[in-house]
Amino acid sequence: MHRQFLQQAIDLAVENAKSGQGGPYGAIIVKDNRLIAASGNKVTTDIDPTAHAEVMAIRLACKALNDFQLSGCILYSSCEPCPMCLGAIYWARLAKVYFACSRHDAAAANFDDSFIYDEISVLPHQRSIAMLHLNLANALEPFDIWAEKSDKVLY
């Protein structure tokens with residue numbers, strides 16, 4: 001079954017690459033051997049740098065299951081997820097990920113995200129995009145309010 005589902009993700013990537021509809025990536029999400037969501041990369045068509053195939057499939061699956069967590073779901077991706085997608089995968093609580101191409105294969109096709117992997121371990125103020133901490137007196141107020149809420153939904 002895993003090979004068949006992964007092939008579906010690759011087929012989506014092929015369709016996207018041929019049609020020019022966003023980029024050479026595809027992803028599907030499956031639960032209990034049933035297809036829940038599928039998407040190709042939509043970065044250029046949606047004019048959204050976060051519209052990677054994996055993120056789009058996660059968004060669709062969450063809507064289909066009416067849940068912001070995808071426990072018990074498996075993601076199949078045509079390529080190893082980038083750092084952004086990896087973060088989304090962990091936040092969505094997916095059970096497992098299968099991928100076809102590696103990040104090195106993507107880099108060879110001019111989709112190199114190694115600089116982002118490198119930036120993660122750099123202190124914020126030393127990153128290539130300046131990230132500067134400003135200490136405001138009420139900065140913790142949102143977290144304080146959240147901590148006191150009795151009806152919050154944890155995630």
Peer 1: Please round to the nearest 0.5 Å and tell me the distance separating atom CG of Leu132 and atom CZ of Arg127.
Peer 2: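 Between Leu132 CG and Arg127 CZ, I get 11.5 Å after rounding to 0.5 Å.
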Peer 1: Are Met1 and Val30 in one and the same hydrophobic cluster, where Ile, Leu, Val, Met, Phe, Trp and Tyr link if side-chain heavy atoms are under 4.5 Å apart?
Peer 2: yes
Peer 1: For Ala88 and Val55, which heavy atoms make the closest approach, and how far apart are they?
Peer 2: CB-CG2, 4.2 Å
Peer 1: Among the clusters formed by ILVMFWY side chains lying less than 4.5 Å apart, do Tyr76 and Leu12 turn up in the same one?
Peer 2: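 Yes.
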Peer 1: Closest approach of Leu60 and Ala38, non-hydrogen atoms and distance?
Peer 2: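 Answer, listing the atom of Leu60 first, then Ala38: CD1-O, 3.4 Å.
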Peer 1: For the backbone of Arg34 and the side chain of Asp32, can you confirm whether one donor and one acceptor N or O come within less than 3.5 Å of each other?
Peer 2: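 No; judged by distance alone, with no hydrogens or angles, the pair does not exist.
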Peer 1: Report the distance from atom CG of Leu123 to atom CE of Met131, rounding to the nearest 0.5 Å.
Peer 2: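 Result: 12.0 Å between the selected atoms.
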Peer 1: Under the 3.5 angstrom rule, does the side chain of Ser78 hit a backbone N or O of Gly26 as a donor-acceptor pair?
Peer 2: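 A pair under 3.5 Å: yes.
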Peer 1: Is there a side-chain contact between Glu141 and Ile145, using heavy atoms and a 4.5 Å cut-off?
Peer 2: yes
Peer 1: Apply the test side chain to side chain contact (heavy atoms under 4.5 Å, CB included) to residues Ile58 and Leu75: give CA-CA distance (whole Å), side-chain angles for both, the deciding distance (0.1 Å), then the verdict.
Peer 2: CA-CA 8 Å; Ile58 287 169; Leu75 183 139; 4.3 Å; yes
Peer 1: Let me confirm one number: the OG1-NZ distance from Thr50 to Lys42, rounded to the nearest 0.5 Å.
Peer 2: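 Here the interatomic distance stands at 13.5 Å.
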Peer 1: Do Val97 and Leu86 come within less than 4.5 Å of each other through their side chains, counting heavy atoms only?
Peer 2: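 They are not in side-chain contact.
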Peer 1: Grab the two heavy atoms, one from Tyr98 and one from Leu6, that are nearest each other, plus how far apart they are.
Peer 2: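 Nearest pair, atom of Tyr98 first, then Leu6: O-CD1, 3.9 Å.
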Peer 1: Okay, side chain of Ser77, backbone of Glu80: is any donor-acceptor separation there less than 3.5 Å?
Peer 2: no
Peer 1: Heavy atoms, side chains only, cut-off 4.5 Å: are Asp113 and Pro83 in contact?
Peer 2: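 They are in side-chain contact.
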Peer 1: Before giving the answer on side chain to side chain contact (heavy atoms under 4.5 Å, CB included), spell out for Phe5 and Asn33 the whole-Å C-alpha distance, their side-chain angles and the decisive distance to 0.1 Å.
Peer 2: CA-CA 9 Å; Phe5 287 130; Asn33 291 321; 4.0 Å; yes
Peer 1: Quick one: do Leu70 and Cys62 satisfy side chain to side chain contact (heavy atoms under 4.5 Å, CB included)? Show the steps, please.
Peer 2: CA-CA 7 Å; Leu70 298 175; Cys62 286; 3.9 Å; yes
Peer 1: Say whether, by atom type as modelled, one donor and one acceptor occur between the side chain of Arg93 and the main chain of Trp91 under 3.5 angstrom.
Peer 2: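 The answer is yes, because a donor-acceptor pair under 3.5 Å joins these two groups.
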Peer 1: From Gln69 CD over to Leu154 CG, what is the distance, rounded to the nearest 0.5 angstrom?
Peer 2: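 The CG atom of Leu154 is 9.5 Å from CD of Gln69, to the nearest 0.5 Å.
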Peer 1: Any side-chain heavy-atom pair from Cys82 and Ile116 closer than 4.5 angstrom?
Peer 2: no
Peer 1: For Ile47, does the CD1 atom have more than 12 heavy-atom neighbours from other residues, nucleotides or ligands under 6.0 Å away?
Peer 2: no
Peer 1: Which residues pass the side-chain hydrogen bond (donor to acceptor under 3.5 Å, both in side chains) test with Ser114, not counting sequence neighbours?
Peer 2: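 For Ser114, the residues satisfying side-chain hydrogen bond (donor to acceptor under 3.5 Å, both in side chains) (neighbours in sequence not counted) are Asp112.
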Peer 1: Considering all heavy atoms of both residues, which atom of Cys85 and which atom of Glu54 are nearest to each other, and what is their separation?
Peer 2: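 Closest approach of Cys85 to Glu54, heavy atoms only: SG-OE1, 3.4 Å.
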Peer 1: Identify the two heavy atoms, one from Ala57 and one from Ala37, that lie closest to each other, and give their separation to 0.1 Å.
Peer 2: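 Smallest interatomic distance, heavy atoms only, reads O-CB, 3.5 Å.
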Peer 1: Tell me, do Ile74 and His2 make a side-chain contact under 4.5 Å, heavy atoms counted?
Peer 2: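 Heavy-atom side-chain distance check passes, below 4.5 Å.
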Peer 1: Taking the side chain as C-beta and beyond, is there a heavy-atom pair between Leu35 and Gln8 under 4.5 Å?
Peer 2: yes
Peer 1: Judged by atom type as modelled, is there a donor-acceptor pair below 3.5 Å linking the side chain of Asn16 to the main-chain atoms of Gly23?
Peer 2: yes
Peer 1: What pairs with Lys149 under salt bridge (Lys or Arg N to Asp or Glu O under 4.0 Å), at least two apart in sequence or on another chain?
Peer 2: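 Applying salt bridge (Lys or Arg N to Asp or Glu O under 4.0 Å) to Lys149 gives Asp151.
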Peer 1: With a cut-off of 6.0 Å (strictly less than), are more than 12 heavy atoms of other residues, nucleotides or ligands near NZ of Lys152?
Peer 2: yes
Peer 1: Is it true that Asp46 and Arg59 make a salt bridge, defined as a side-chain N closer than 4.0 Å to a carboxylate O?
Peer 2: no
Peer 1: Applying side chain to side chain contact (heavy atoms under 4.5 Å, CB included) to Leu65 and Cys73, what does each step give before you reach the verdict?
Peer 2: CA-CA 10 Å; Leu65 297 175; Cys73 293; 3.8 Å; yes
Peer 1: Nearest heavy-atom pair of Pro81 and Ile89: which atoms, and what distance?
Peer 2: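 Closest approach of Pro81 to Ile89: CG-CD1, 3.6 Å.
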Peer 1: Where the side chain of Glu119 meets the backbone of Ser128, is there a donor-acceptor pair that is under 3.5 Å apart?
Peer 2: yes
